[in-house]
Protein chains: 2
Amino acid sequence: MRTADELTGLFRTQGLRVTPQRQAIFRLLHGNDRHPTVDSLYDAARTEMPTISLKTVYQTVHDLEALGQVTLLDLGTGSVRVDPNVESDHQHLVCTSCGLVRDVPLTEVPSLPARYRREFRTDAVEVIFRGVCDQCGPRPSKSPTNQ
Amino acid sequence: MRTADELTGLFRTQGLRVTPQRQAIFRLLHGNDRHPTVDSLYDAARTEMPTISLKTVYQTVHDLEALGQVTLLDLGTGSVRVDPNVESDHQHLVCTSCGLVRDVPLTEVPSLPARYRREFRTDAVEVIFRGVCDQCGPRPSKSPTNQ
DNA sequence: CTTGCTAACGACAATTGTTGTTGATAGCAT
DNA sequence: ATGCTATCAACAACAATTGTCGTTAGCAAG
């Protein structure tokens with residue numbers, strides 16, 4: 001994702017205004033590869049700006065999405081996640097235990113079988129690897145930290 | 001998915017009871033390839049059983065899932081969809097306009113790149129083709145039956 | 001066929017994630 | 001500096017799903 005300053009300029013050229021609230025969100029997202037939920041962004045923003053409202057965070061990430069600066073992902077974890085990585089094409093890995101999401105660059109994704117192409121125009125192919133990360137999963141040996 | 005009668009037997013061996021409500025849901029799902037939402041199942045069930053409650057439908061599809069007789073899909077369409085096809089491995093195609101979901105058998109799905117496998121155990125790989133079906137999409141020519 | 005345990009029922013309230021409304025405030029182009 | 005209006009915070013509304021609870025009825029065993 002672009003820097004907070006670049007986004008400020010971009011927003012202004014689009015007739016959008018850049019408030020302290022939005023700058024805080026820009027900063028929280030820049031270089032963030034944790035795929036935060038809107039709610040976790042909200043929590044983070046509140047530490048430096050206690051009166052910011054959840055609605056403002058939603059509105060800002062939607063604006064960012066409309067400008068192609070983030071992707072909003074629904075990975076079946078119950079809430080939307082913000083993915084600031086729009087530069088490089090990638091897929092996702094999701095831990096079904098802790099909710100961790102990580103980018104996975106794939107050199108090749110499947111294509112829709114030919115006989116479906118007449119009746120369906122594919123705009124995007126999404127691949128999700130579901131499983132357990134090493135923080136959650138039963139390590140092959142040692143420390144039976146089961147949970 | 002198995003027939004309503006087979007499911008009745010299976011439920012009983014598990015100590016679950018089979019009520020008229022559940023049988024109605026079994027019947028509505030058998031041979032159904034439309035990936036209904038819980039709500040549409042609820043509507044369908046109410047036509048023959050006006051007092052059935054939404055909670056009962058939720059409970060029954062969750063029981064079916066626990067017994068491995070259906071899969072509950074979250075395809076980002078806002079609500080869960082019930083997929084009774086548990087016999088053959090397949091992926092899904094989703095129309096972003098009308099919400100249509102269709103099974104797509106894939107001969108091959110991507111695998112997680114080697115360097116991620118040390119830190120993550122993949123349980124399932126999900127592929128979603130997002131796009132527009134021919135009912136919704138701009139037909140190349142003729143009948144502008146838009147919307 | 002009766003009996004009894006308890007799973008499942010319907011009705012309704014509660015929760016969670018997200019969006020709509022509104023009047024006041026403040027960003028920023030001129 | 002000024003004014004238009006986008007954005008704000010607060011709050012209500014919404015949709016999908018789950019929890020609670022007192023009552024009913026499935027069904028296994030006798």
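Just so we're clear, the structure is a prediction, and the values are computed from it rather than from any experiment. Naming convention: chains lettered A, B, ... in sequence-line order (proteins, then strands); numbering from 1 in each chain.
In this structure, Q23(B) atom CD and dA8(C) atom C1' are separated by 13 Å, rounded to whole Å. Here the P atom of nucleotide dA8(C) and the CZ atom of F11(B) are 8 Å apart, to the nearest Å. Protein atom CD of Q21(A) is 14 Å distant from nucleotide atom P of dT25(C), rounded to whole Å. For R22(A) and dA9(D), the CZ to P distance is 11 Å, given to the nearest whole Å.
With respect to the salt-bridge test (charged N to carboxylate O, under 4.0 angstrom), the residues E48(A) and R27(A) qualify. Under a 4.0 Å N-O distance rule, the pair R22(B)/D63(B) qualifies as a salt bridge.
M1(A) and L10(A) fall within the same hydrophobic cluster, defined by Ile, Leu, Val, Met, Phe, Trp and Tyr side-chain heavy atoms under 4.5 Å apart, directly or through other members. In this structure, L72(B) is not a member of the same hydrophobic cluster as L93(B), with clusters built from ILVMFWY side-chain heavy atoms closer than 4.5 Å. V125(B) is not connected to V132(A) by any chain of hydrophobic side-chain contacts under 4.5 Å among Ile, Leu, Val, Met, Phe, Trp and Tyr, and they are in different clusters.
Sorted by first and then second residue, the ring pair (Phe, Tyr, Trp, His ring centres under 6.0 Å) pairs involving residues 104-127 of chain A (not counting sequence neighbours) form an empty list. Identified under the ring pair (Phe, Tyr, Trp, His ring centres under 6.0 Å) test for residues 47-72 of chain B, with sequence neighbours left out: none. Residue pairs meeting the ring pair (Phe, Tyr, Trp, His ring centres under 6.0 Å) criterion with at least one member in residues 85-104 of chain A, sequence neighbours excluded, are H35(A)-H92(A), H90(A)-H92(A).
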Point to revise | Test log, rule side chain to side chain contact (heavy atoms under 4.5 Å, CB included), inputs V80(A) and T37(A) | key: CA-CA 6 Å; V80(A) 165; T37(A) 62; over 6 Å; no

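Base contact: L54(A) has a heavy atom under 4.0 Å from a base atom.
For T8(A), the side chain to side chain donor-acceptor pair (under 3.5 Å) test picks out no residue, with sequence neighbours left out. Residues passing the side chain to side chain donor-acceptor pair (under 3.5 Å) test with T47(A): none are found, sequence neighbours excluded. Y42(B) is linked by a ring pair (Phe, Tyr, Trp, His ring centres under 6.0 Å) to nothing, counting only residues two or more places apart in sequence or in another chain. F26(A) is linked by a ring pair (Phe, Tyr, Trp, His ring centres under 6.0 Å) to F11(A), counting only residues two or more places apart in sequence or in another chain.
Mapping M49(B) and G15(B) onto DNA chain C by nearest heavy atom places G15(B) closer to the 5' end of the strand.
A heavy-atom distance below 4.0 Å to DNA chain C is reached by none of the residues of residues 36-46 of chain B. Contacts between residues 62-81 of chain A and DNA chain C, defined by a heavy-atom separation under 4.0 Å, are made by H62(A), G78(A), S79(A), V80(A).
When every heavy atom of N85(A) is checked against every heavy atom of D83(A), the shortest pair comes out as N-OD1, 2.9 Å.
Within the 4.5 Å cutoff, the side chain of Q135(B) has no heavy atoms near those of the E119(A) side chain.
When L16(B), L64(B), I25(B) are each tested for a side-chain contact (heavy atoms from CB on, under 4.5 Å) with L7(B), only one passes: L64(B).
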Sub-3.5 Å pairs of nitrogen or oxygen atoms, protein against nucleotides 20-23 of chain D:
none

Could you write out each protein N or O paired with an N or O of nucleotides 27-29 of chain D at a distance under 3.5 Å?
residue : atom : partner : partner atom : Å
dC27(D) : OP1  : R12(B)  : NE           : 2.7
dC27(D) : OP1  : R12(B)  : NH2          : 3.3
dC27(D) : OP1  : V18(B)  : N            : 2.7
dC27(D) : OP2  : R12(B)  : NH2          : 2.6
dC27(D) : O5'  : R12(B)  : NE           : 3.4

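Distances shorter than 4.0 Å separate some side-chain N or O of Y58(B) from OP1 or OP2 on dT17(D). Using a 4.0 Å cut-off, no side-chain N or O of Q59(A) falls inside it from OP1 or OP2 of dG20(C).
For the helix from dC1(C)-dG30(D) to dT30(C)-dA1(D), the axis fitted to the five pairs at one end and the axis fitted to the five pairs at the other end meet at an angle of 40° (nearest 10 degrees).
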